[in-house]
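The analysis underlying the following values was restricted to heavy atoms, covering all of them including side chains, and did not include hydrogens, waters or symmetry mates. Just so we're on the same page: letters track the sequence lines, and every chain starts at 1.
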Amino acid sequence: MIKKAAKTRLIVICGATATGKTAVSVEVAKKINGEIISCDSMQVYKKMDIGTAKVTKQEMESIPHHLIDIVSVSESFSAAKYKELALMAIEEIKNKGKEPIIVGGTGLYLDTLLLNANFSTVSKDEDLRKSLYDLEEKNGKGYLKKMLAEFDPLMADKLPENDLVRLVRAIEVYKLTGITKTEQNKRSKEIKSDFEPIIICLGYKNREKLYENINKRVDLMIENGLVQEVESLKNEFGENKTALNGIGYKEILGYLNGEYSLNDAINMIKQGSRHYAKRQITWFKRYENATFINVDETPDVPKATLDILSKYGIL
RNA sequence: GGGAGAAUUCCCGAGCGGCCAAAGGGGGCAGACUGUAAAUCUGUUGCAUUAGCUUCGGUGGUCCGAAUCCACCUUCUCCCA
């Protein structure tokens, strides 16, 4: 296969939670002299191991993994930060003459690399955000949407009045930079990516099987001590950190606070994980030039993955 | 054994004579997504997809007309024994 030489090829293994990305990626890395760059918004946090199903030392089989355990729960992280660090890691691995492999399920972070999303230069402004939320609260539903419409009608039009997260960010960007969110997005899209990704997406043909798998995995997390993990994070960092908003963490926190039983918490985690997987599937479906592997009907997934890679001239 | 009540669409749960294929929530399905993303938000959900057809435990009634009223049957819950 002939590639455009101008772009750098980049191997990506993505897929919903519980599809076996970790194991496959390690196998592949061993075969192609690769190193793994995680693309997971929760595994970046230290001490969040069980609930994020983080790769263990043994599972790594001495394949280097990047962007795991890089920030404390007390720090804030972002897609923009991820992009920056991932680019550095890619560079570093390439310089060693090895093959970087992006592995993970956080769609936004992936896009950040693959589309070269160029985020607004402004980071979040907590005070501004809080005051905007207060305004909506005081003046009623739709207030922020109307406010945004005054200077960025295009964006306001796209966002439902309930999508406060995006409404607030759109207003924030404008207030802090004088540039409209619409304009900001447009500029970002004009910059093309330097990468030519080879995307392999793992999934299940049979959705029920995926869901069963997720359920089992949650039970295993509990057996492995999720409750204790959350408890110690709570003691160390308090419970209002963004990181502890992750699935498995927020539910256990509720249980620890006596809001409901452990069993209820477990069911909530399963439910939340299934919903999450569904969202991931929706996201990855958009990757039109990705190759999809149905894990539940492929006997040897690592081999199937390598076969695909060899078609692209790797190996 | 006697008494009171309940059975609604995948689940929970409104409806209590027409405006009901039936509120609302959950779940399912589908979608969005550019510095919180494991977050946040949207649509859809009896079948046929026009007309129309079949639903509200079962059977039979009343009525122009019933998920809603009556009778009996079945199952369940609660109370007194």
Visitor: Assign a letter to each nucleotide of nucleotides 30-37 of chain B from its 5' end: B, base within under 4.0 Å of a protein heavy atom; S, sugar-phosphate only; -, no contact.
Guide: BSBBBBBB

Visitor: Whether the side chain of A:S188 engages the backbone of A:Q184 through a donor-acceptor N/O pair (distance < 3.5 Å, no angle test) should be reported.
Guide: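 Answer holds: no.
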
Visitor: Can you name the ring pair (Phe, Tyr, Trp, His ring centres under 6.0 Å) partners of A:Y249, sequence neighbours left out?
Guide: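 None.
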
Visitor: Applying side-chain contact (heavy atoms from CB on, under 4.5 Å), can you list everything that pairs with A:S123, at least two apart in sequence or on another chain?
Guide: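 Not a single residue meets the side-chain contact (heavy atoms from CB on, under 4.5 Å) criterion with A:S123.
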
Visitor: Just jot down the side-chain hydrogen bond (donor to acceptor under 3.5 Å, both in side chains) partners of A:E239, sequence neighbours excluded, or say none.
Guide: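 By the side-chain hydrogen bond (donor to acceptor under 3.5 Å, both in side chains) rule, A:E239 matches A:N257.
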
Visitor: Any idea how A:Y45 and A:F77 line up, ring-wise: parallel (<30°), tilted (30 to 60°), or perpendicular (>60°)?
Guide: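 Correct class here is perpendicular.
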
Visitor: Who pairs with A:E99 by side-chain hydrogen bond (donor to acceptor under 3.5 Å, both in side chains), at least two apart in sequence or on another chain?
Guide: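 A:E99 satisfies side-chain hydrogen bond (donor to acceptor under 3.5 Å, both in side chains) with A:R9 once adjacent residues are dropped.
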
Visitor: Do A:T282 and A:K278 have side-chain N/O donor and acceptor atoms under 3.5 Å apart?
Guide: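 Yes, a side-chain donor-acceptor pair sits under 3.5 Å.
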
Visitor: Sticking with atom P, work out how far B:rG24 lies from B:rU45, rounded to a whole angstrom.
Guide: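 Between the two P atoms, the distance is 11 Å.
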
Visitor: Mind checking who B:rU40 pairs with, Watson-Crick or G-U wobble, both distances under 3.5 Å?
Guide: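 Per the H-bond distance test, B:rA32.
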
Visitor: Between B:rG27 atom P and A:E208 atom CD, what is the distance in whole Å?
Guide: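 Going from CD in A:E208 over to P in B:rG27 covers 17 Å.
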
Visitor: How close or far is atom P of B:rA39 from atom CG of A:N162, stated in whole angstroms?
Guide: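 So the two atoms are 17 Å apart, to the nearest Å.
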
Visitor: Just by distance, no angles: are the side chains of A:T182 and A:T180 close enough, under 3.5 Å, to form a donor-acceptor pair?
Guide: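 Absent: no donor and acceptor within the cut-off.
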
Visitor: Does B:rG18 have a Watson-Crick or wobble mate here (both distances under 3.5 Å), and if so which one?
Guide: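 Paired with B:rC64.
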
Visitor: Collect all protein-nucleotide pairs involving nucleotides 23-26 of chain B in which both atoms are nitrogen or oxygen and the distance is under 3.5 Å.
Guide:
none

